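This report concerns only the one structure given below.
Here, residue 1 is the first one in the sequence, and each next residue gets the next number. Here the structure is a predicted model, which is why all the values come from computation and not from measurement. Values below: all heavy atoms of this structure, side chains included; hydrogens, waters and symmetry mates excluded.
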Amino acid sequence: MKNLSLLAAVAASTLAMPAMAQDDRDTAQDFNGPYVSIVGGGTLQGSDRGETLVFDTDRDGTYGDQVTTSGGANAFSPGFCNGSATGTANRSCKNDKDGAEYYGRLGYDKRMGNFVVGAVLEAGRSEARDSVSGFSTTPARYTMSREADWQAGARLRAGYTPGGGALFYVTGGGAYAKLDNRFTTSNTANSFADNGRTNAWGYAAGGGAEVMVTRNIAVGLEYLYTDLKDKDYVVNVGAGTAPPTNPFLLDGGGTDIQRSNAHFRTHSVRGSLSFRF
């Protein structure tokens with residue numbers, strides 16, 4: 001995340017400087033009215049420790065069944081790992097991928113003395129990827145991954161500006177993402193089908209600061225926590241060329257697989273460049 005560290009350092013330095021090139025603007029009008037912004041930074045992921053794959057072996061819509069071999073053993077006894085499998089044994093997984101993010105933003109602020117309230121609409125994408133893997137006794141690996149094809153948010157924000165020049169604020173509201181889900185496995189006997197892209201809804205909250213550098217230009221630094229929930233992605237396991245004794249087929253002729261954790265949680269650190277009308 002070298003680029004993210006550089007961005008944060010530059011933005012922090014900018015915010016620490018006195019507003020420069022102030023020209024002859026009226027500071028009483030700072031942070032008042034409409035604006036457009038470009039926003040960029042990095043998406044970081046926390047630990048999803050303990051996440052697994054969950055199974056519905058009789059396809060009754062209830063997950064949590066054990067996939068059992070014909071001898072009565074747990075077919076997934078090797079366990080699970082947070083990340084993308086690097087082999088067919090539960091020895092190591094690639095960590096979830098952090099990534100760059102970039103957005104466009106429309107906003108409107110209303111200033112009342114030193115207090116500011118406003119609304120923000122934004123859309124863009126993050127290149128972070130979240131994965132979980134399971135391992136069967138075959139041995140075989142099974143990995144589910146998801147990343148946002150694109151995201152959008154609508155938030156309110158409220159802040160304080162000590163006489164103009166700089167604004168310190170908190171923000172929160174709804175979030176949406178079109179998730180691109182992927183499934184990979186080393187199992188070549190069974191058939192696998194999934195429903196691909198899904199819709200995820202949730203919320204985002206955080207805070208930040210902006211500094212006016214000219215009459216119309218502001219730069220900012222922001223932190224945002226986003227929690228998106230997707231319960232719709234399913235992988236359907238069928239017979240393929242597997243025999244009837246295949247563990248995925250024993251209970252109901254097939255098995256459905258989901259992730260145990262429907263939440264896609266991320267932390268964002270971003271810089272912004274805004275033009276205020």
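Taking each heavy atom of A262 and K231 in turn, the nearest pair found is CB-CG, 3.8 Å. The two residues T143 and G83 have their closest heavy-atom pair at CG2-O, 4.4 Å. Between R182 and D180, the shortest heavy-atom contact is NH2-OD2, 3.5 Å. Here the closest heavy-atom approach between residue T88 and residue S186 is recorded as CG2-OG, 3.6 Å. Residue I257 comes nearest to L53 through the heavy atom pair CG2-CB, 4.1 Å, listed as atom of the first residue, atom of the second, then distance. Taking both residues in full, the closest heavy atoms of D232 and N199 are given as OD2-O, 4.3 Å, listed atom of the first, atom of the second, then distance.
A distance-only check finds a donor-acceptor pair linking the side chain of Q45 to the backbone of R129 [under 3.5 Å]. In terms of modelled atom types and a separation under 3.5 Å, the side chain of N246 and the main chain of L250 share no donor-acceptor contact. Under the 3.5 Å distance criterion, the side-chain polar atoms of T69 are matched with a main-chain donor or acceptor of A73. Judged purely by atom type and a 3.5 angstrom limit, N114 uses its side chain to pair as donor or acceptor with the backbone of G163. At least one donor-acceptor pair under 3.5 Å links the side chain of T241 to the backbone N or O of A189. Here the side chain of S272 pairs no donor or acceptor atom with the backbone of V219 at under 3.5 angstrom. In this structure, S126 contributes its side chain and A128 its backbone to a donor-acceptor pair below 3.5 Å.
Using modelled atom types and a 3.5 Å distance limit, the side chains of N195 and Y233 yield no donor-acceptor pair.
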After noting the C-alpha distance and the side-chain angles of C93 and S84, does the key distance pass the side chain to side chain contact (heavy atoms under 4.5 Å, CB included) rule?
CA-CA 5 Å; C93 284; S84 179; 5.8 Å; no
### Task
Output, in order, the C-alpha distance, side-chain angles, deciding distance and verdict of salt bridge (charged side-chain N to carboxylate O under 4.0 Å, His left out) for E147 and K97.
CA-CA 10 Å; E147 61 183 292; K97 176 190 170 188; 5.5 Å; no
Could you walk me through whether R146 and F264 satisfy the side chain to side chain contact (heavy atoms under 4.5 Å, CB included) test, starting with their C-alpha distance in whole Å, then the side-chain angles of each, then the deciding distance to 0.1 Å, before giving a yes or no?
CA-CA 9 Å; R146 59 190 172 194; F264 187 10; 3.9 Å; yes
- Query: Between S268 and E101, does a side-chain hydrogen bond (donor to acceptor under 3.5 Å, both in side chains) hold up when you go through it step by step?
  - Reply: CA-CA 8 Å; S268 299; E101 62 176 60; 2.7 Å; yes
| query | Yes or no on side-chain hydrogen bond (donor to acceptor under 3.5 Å, both in side chains) for D230 and T198, after CA distance, side-chain angles and deciding distance? | reply | CA-CA 7 Å; D230 168 33; T198 53; 2.8 Å; yes
After noting the C-alpha distance and the side-chain angles of D96 and N82, does the key distance pass the side chain to side chain contact (heavy atoms under 4.5 Å, CB included) rule?
CA-CA 8 Å; D96 289 337; N82 172 39; 3.3 Å; yes
Can R270 and L224 be said to form a side chain to side chain contact (heavy atoms under 4.5 Å, CB included), step by step? CA-CA 8 Å; R270 21 161 77 175; L224 202 65; 3.6 Å; yes
ask   = How far apart are the C-alpha atoms of S131 and S145, what are their side-chain angles, what is the distance that settles it, and do they pass the side-chain hydrogen bond (donor to acceptor under 3.5 Å, both in side chains) test?
value = CA-CA 4 Å; S131 302; S145 298; 2.6 Å; yes
>> Between D251 and T57, does the side-chain hydrogen bond (donor to acceptor under 3.5 Å, both in side chains) criterion hold? Intermediate values first, please.
In response: CA-CA 6 Å; D251 197 4; T57 59; 2.6 Å; yes
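Taking the charged nitrogens against the carboxylate oxygens, R197 and D149 do have a contact shorter than 4.0 Å, which makes a salt bridge. Salt bridge E222/R105: present, at least one basic N to carboxylate O contact under 4.0 Å. Under a 4.0 Å N-O distance rule, the pair D130/R259 qualifies as a salt bridge.
To the nearest 0.5 Å, atom CG of residue N95 and atom SG of residue C81 are 9.5 Å apart. Here the CG atom belonging to L249 is positioned 5.5 Å from the CG atom belonging to N190, to the nearest 0.5 angstrom. Atom CG of residue N32 and atom OG1 of residue T27 lie 12.0 Å apart, to the nearest 0.5 angstrom. Taken from CG in D98 to CG in L44, the straight-line distance is 5.0 Å, to the nearest 0.5 Å. Taken to the nearest 0.5 Å, the CG atom of D65 stands 7.5 Å off from the OG1 atom of T62. A distance of 8.0 Å separates CG in D30 from CG in D26, rounded to the nearest 0.5 Å.
The shortest distance between side-chain heavy atoms of R125 and Y102 falls below 4.5 Å. Side-chain contact between L167 and V116 is present, with heavy atoms from C-beta onward closer than 4.5 Å. With contacts defined as side-chain heavy-atom distances shorter than 4.5 Å, the pair V170/R157 does not qualify. Contact of the P162 side chain with the F168 side chain is registered, since non-hydrogen atoms from C-beta on lie closer than 4.5 Å. A heavy-atom distance below 4.5 Å is found between the side chains of R59 and N236. Using a 4.5 Å cut-off on side-chain heavy atoms (C-beta onward), K94 and T86 make contact. Side-chain atoms of L228 and T226, non-hydrogen and from C-beta on, do get closer than 4.5 Å to each other. The shortest distance between side-chain heavy atoms of P247 and T68 does not fall below 4.5 Å.
Taking the six-membered ring for Trp, Y160 and F115 have ring centres closer than 6.0 Å. Aromatic pair W150/Y103: centroids not less than 6.0 angstrom apart. You'll find the ring centres of F76 and Y142 inside the 6.0 Å limit.
Linking ILVMFWY residues whenever their side-chain heavy atoms come closer than 4.5 Å, directly or via other members, leaves F135 and F55 in distinct clusters. With hydrophobic clusters built from ILVMFWY side chains whose heavy atoms lie under 4.5 angstrom apart, F183 shares a cluster with V237. I38 and Y35 end up in different hydrophobic clusters when Ile, Leu, Val, Met, Phe, Trp and Tyr side chains are linked at under 4.5 Å. Residue M144 is not grouped with residue V234 when hydrophobic side chains (ILVMFWY) are merged at heavy-atom distances under 4.5 angstrom, including chains of intermediate members.
Under a cut-off of 6.0 angstrom, the local environment of NZ in K178 is crowded, with over 12 non-hydrogen atoms contributed by other residues, nucleotides or ligands.
Taking the six-membered ring where the residue is Trp, F192 and F248 present perpendicular rings, their angle passing 60° and hence far from 30°. Note: F277 and F275 have perpendicular aromatic rings, judged against thresholds of 30 and 60 degrees for the angle between ring planes.
A cation-pi arrangement, defined by a distance under 6.0 Å to the six-membered ring centre and an angle within 45 degrees of its axis, is absent between R111 and F31.
The side chain to side chain donor-acceptor pair (under 3.5 Å) with R276 is formed by just one residue from the set T214, N216, D109; it is D109.
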